[in-house]
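Contents: one structure, followed by commentary.
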Amino acid sequence: MLAALLLNAGTAIQHERLVDMLWEEPPRSARQQIHNAVASLRRSLAATPGSWNITTTEAGYLLQVPPDLVDVSLFRTMVAESEQLERLERVPAALESLERALKLWRGPALAGLTGEWLEEAAVQLNEQHIAAVERTMALRLRLGQASSVVSALTGLVARHPYRETQRALLIEALHRSGRQAEALTVYEDGRQLLADEFGIDPGPALRRVHLQVLRSSPVTDPDDAGAAAPDAGVTAHVTETRSGGAVLRNFLPHSTKEFTGRRTELDRLSDTALSSSSQALVISALDGMGGVGKTALAVRLAHELTEKYSDGQYFVDLHGFSPGRDPLTPDQALDHLLRQAGTAIEKVPPDLAGRSALWRGLLAGRRALVLLDNAVDVAQVRPLIPGATHSLVIVTSRRRLAALEDAVPLSLNVLPPDDAEQLFIQIAGEERTRAAAAGVAEVIELCGRLPLAIRIAAARFRDRPSWSIDDLVKQLRSQRSRAQFLSAGDRDVMAVLRLSYRHLTPAQKRMFCLLSLHPGEDFDAYAAAALADLPVARAEQVLEGLFDDNLLLQQAAGRYQFHDLVRDCSRLLLAAEIDDRERTAATGRLLDYYLLIANEWCRPVAKGPFRFHAEIQHTLSRPEAENPAEATQLLHTEYHNITAAAEYAREHGWHSHAWQIPCAMQPLLAGMNYGERAYVLFEGAVSAATAAGHADGRSMALTGMASVCREAGDNDQARALFEEAIAISRATGNGRHEVFQLAGLGITLLNDGDLPAAEKVFATGYRAARELHDRATAALLANNLGVVAKDLGNYADALRYFTESAEHGNGFSTEDIAILTALNIGIVHQLRDNPEAATRQYEECRRRSRAIKFDVGEAVALVGLATVNRSLGNFAAALEDGRDALAIARRTALREVECDALNALGDIFLSTGEASSAETLFAQSEQLAVRHNLPRNAARSREGIAHVRFAEGDLAAARRDWEEAVRLFPAGVADAENSRRHLTSDTVLQPRCQRCVVVARTAAPSFRSE
């Protein structure tokens, strides 16, 4: 442990790196053992003279010690000093500094210490020692001390017979001492040794000094004889092998034993590398958010491809996003690479262009692998790319490196569920996770399937034997505790993510923080512009920058979202970086934006009180909808965000937004048949309007609540809410609100089967609407009076009301109301035995509904076409129409229409002799009708089952079912006549109703408008 800290004095060592250094097979207690060892060292060092201190930082354990107390630091300082003096041509001083450095050595480095990493570190240190000795010999030669170094060089060559540097220096020393014959003998011995052992010839430097001896000329540049050791700062795994006489070095880090999954990515990258032309340079650029496993994947890939790129494997951590460090400059990175490649330090050019050219020259014609890890941007990477070569370059970065020429990009996502689960179990232990599959699945989702987060959570769970998976889940469910929990030693998810924040521009930093205020699932540039108070184009530019830095995800064009853990990080930074005043202002702008789009996009199709102009404080940009259909599409895209904004406003006391947003989006909610969240939205709107003292707002919100209850089948609650809303409208004198609410109350009464009461309410509202010259609501109420007349069998009155509705609404009603009225006219044609006119009406309504994406209208038209085609014997067309209607109804939760479609399909199958299929459909419709309090649909379904029994010859059962159907039908409705005809028939063998024969007209539904 002490050796590891001393060798990296002044630099923090991550816990995972320490584990790799100290153990080949880490024990389960590795973390605790390291903690104990550090504590023990601190106690020992406290009693030692000098300023020794081991601190725990965000990046890991850091030993702070004066450099003059560590021999390795002193050695490296003196070597560097010598090199500087030599560059200044102060050769004697350079020699003196180098000899002082060598006196620090008392034997082989790290003697007596074992372990793979320590042995590798010792190899590096010993190599640096040998290089310093060689430099000493070269300097003494330059000072004319040739004779005095022959003995030392002879011993060195004997110990290192394959090092051409030392042999070249010995040949030069002998040559300068006038011992040419011995110099030639030393060369020949080396040549023969290389030929016998490796089948190769001496290298260029050795051949050059040999030629100079033959010419009896002095060696002009003794340093050409060899190259220095790799950069002392490189701490990667280094091995030496020989192939064709060249020293091949592998500087790749170890591949973690916990590496899991990513087989698809590995295969893709490997195939890309191996399928390219043998003459081609392959650049694989891996990007992804912090903690997603880019380095682990790149290292694993590099190890798998080592044999294919056998001329060397190089690795540099570019420190683009490293804690407490600035990114390496390109010339610093090239210095690392050139030293790894064996270039003597004095041979490394001082400028970037020279280093880049030398690097390209060294790799020319070679099959080498270069791993450039943790790049900050393209500008840092581009000078490090070899030229035309057979090599593979792998680059990892948190940023997308789109501008890197000829790169094959791969954006690394979080782990798939199976791989994430496997990683957790591998670390936590199979025994404790075997019986908790559901809990493990929740844990990995709470970790966002981010490998770093999973590793930390699994390790913490492993180290707490008393915990269950449920205990772990509780820690991770809370955003606040999750951020703290996912930190262990040098592993800290939030710290890793904050490193990306450090490199953002001021505008990106501000946007990144403010986006955590967004309550929804995703957002676009318009919402971001509202939050940050920026022009939309500028906001989009900032978002794209955050996306390129992998701080935002993009599941669809123009739509951005956070990874859950990145959102946690954003919230923590928001609290630290943005003051309360700015947060409040940003929230107000965002809520205004969602109120704006809900109001602007819904108002063209809104009715009654919901057709209002919202109170908005800010001037904001929004996407333009060219027509109602496009507005509807945009509303569906933003539905979850608008509802999330309303819920946020309710929970945080933004009363004006909390009631206006649900009321503004009422047309959208109605078009979706009021989903599960609609009641809560309007309930919150009622409370918010009350708190704001806005009576009309409360009346509107109560109307919305009532509509939700009615569609859910709770007619009693709906009636009470409508009556409360009407009372408020009367008290405030808001007649336009009142007539709309009367229409809603009338529909509720109609659903309850109270046709006389419904007719009375509709008539009252109709008169009031005409007096107010509210033609749109008058059209709506006239349509509903027509429905009552049709249900009572008064088809002439029904047609008159429907015609009046169309006249009132011409130019004033919304298109959906006009379509519903036209559909009702088609139904009357059908009931009056005019299938041709009904078909024309239904087909036109289907076309108009599709044009504005009006699902209700299209589904009702298809039901009508199915019933007409069945009555005419067009069974194939009828079946297609009925199935299409059923699909729309189920997709949009239109329960009444779903019942009608099921009944229509049942009639079709009954007409084609498939009684069993028909009975199944009628039974489904009946169950659905009962569940949603739809008595007329339940009656029609029972009537259909009676016809099945009749077709099967079970006349007694058929009679019982017809009697039950009559009981279920509301009093006075004409639909009950089908069943009564059978019950009053003199003979059951004589068909009496519309459902008995193919050419008869089937019962058709009615459709009220609101």
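All residue numbers refer to positions in the sequence shown, counting from 1. Computed from a prediction, not measured in an experiment: that's the story for all the values here.
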Could you check if a side-chain atom of [X] sits within less than 4.5 angstrom of a side-chain atom of [Y], using non-hydrogen atoms only?
X    : Y    : answer
L174 : V150 : yes
D189 : Q192 : no
I171 : H210 : no
Q166 : I130 : yes
L125 : R76  : yes
L139 : S82  : yes
V186 : R167 : yes
T396 : L372 : no

Q | Worked check of side-chain contact (heavy atoms from CB on, under 4.5 Å) between Q313 and H303 | A | CA-CA 9 Å; Q313 298 83 39; H303 279 289; over 6 Å; no
Flag if over 12 foreign heavy atoms under 6.0 Å of [atom1], [X]:
X    : atom1 : value
E307 : CD    : no
D406 : CG    : no
R90  : CZ    : no

Which pairs of donor and acceptor atoms, one on a side chain in residues 99-112, lie under 3.5 Å apart (sequence neighbours left out)?
| residue | atom | partner | partner atom | Å |
| --- | --- | --- | --- | --- |
| R100 | NH2 | E81 | OE1 | 3.1 |
| R106 | NH1 | L104 | O | 3.3 |

Tell me if a side-chain donor or acceptor on [X] pairs with a main-chain N or O of [Y] at a distance below 3.5 Å.
X    : Y    : value
D373 : D317 : no
R176 : L141 : yes
S177 : A173 : yes
T306 : A302 : yes
S97  : A94  : no
Q380 : L318 : yes
K294 : L286 : no
R398 : N374 : no
R191 : P202 : no

What's the spacing between [X] [atom1] and [Y] [atom2] if we round to 0.5 Å?
X    : Y    : atom1 : atom2 : result
D311 : L362 : CG    : CG    : 12.0 Å
R268 : S284 : CZ    : OG    : 9.0 Å
Q340 : N250 : CD    : CG    : 10.0 Å
H129 : F75  : NE2   : CZ    : 6.5 Å
L156 : M137 : CG    : CE    : 6.5 Å
L170 : H175 : CG    : NE2   : 13.0 Å

Determine the minimum heavy-atom distance between [X] and [Y], stating which atoms define it.
X    : Y    : result
K308 : R367 : O-NE, 2.9 Å
L301 : S270 : CD1-N, 4.0 Å
A375 : V381 : CB-CG2, 3.4 Å
P349 : L338 : CD-CD1, 4.5 Å
A273 : Y309 : O-OH, 3.6 Å
P330 : A379 : CG-O, 3.8 Å

Q.
Using the rule given for side-chain contact (heavy atoms from CB on, under 4.5 Å), can you reason through L169 versus V149, listing the C-alpha separation, both sets of side-chain angles and the distance that settles it, and then say yes or no?
A. CA-CA 9 Å; L169 287 168; V149 299; over 6 Å; no
Q: Indicate yes or no: does E304 engage R263 in a salt bridge with an N to O separation below 4.0 Å.
A: yes
Q: Answer yes when R163 and E127 have at least one side-chain N-carboxylate O distance shorter than 4.0 Å, and no when they do not.
A: yes
Q. Between R208 and E172, is a salt bridge (charged side-chain N to carboxylate O under 4.0 Å, His left out) present by the stated rule, with each step listed?
A. CA-CA 11 Å; R208 187 182 305 114; E172 182 192 356; over 6 Å; no
Q: Could you list all the salt bridge (Lys or Arg N to Asp or Glu O under 4.0 Å) pairs where at least one residue sits in residues 350-363, not counting sequence neighbours?
A: none
Q) Do S148 and R140 have a side chain donor and acceptor closer than 3.5 Å? A) yes
Q) Does the side-chain contact (heavy atoms from CB on, under 4.5 Å) test come out yes or no for L85 and E96, once each step is laid out? A) CA-CA 10 Å; L85 290 168; E96 180 184 357; over 6 Å; no
Q. For the side chain to side chain contact (heavy atoms under 4.5 Å, CB included) test, which of L337, L392, I394, L384 pairs with V370?
A. L337
Q) side-chain contact (heavy atoms from CB on, under 4.5 Å) between L334 and L352: does it pass, once the steps are laid out? A) CA-CA 8 Å; L334 282 166; L352 175 61; 3.6 Å; yes
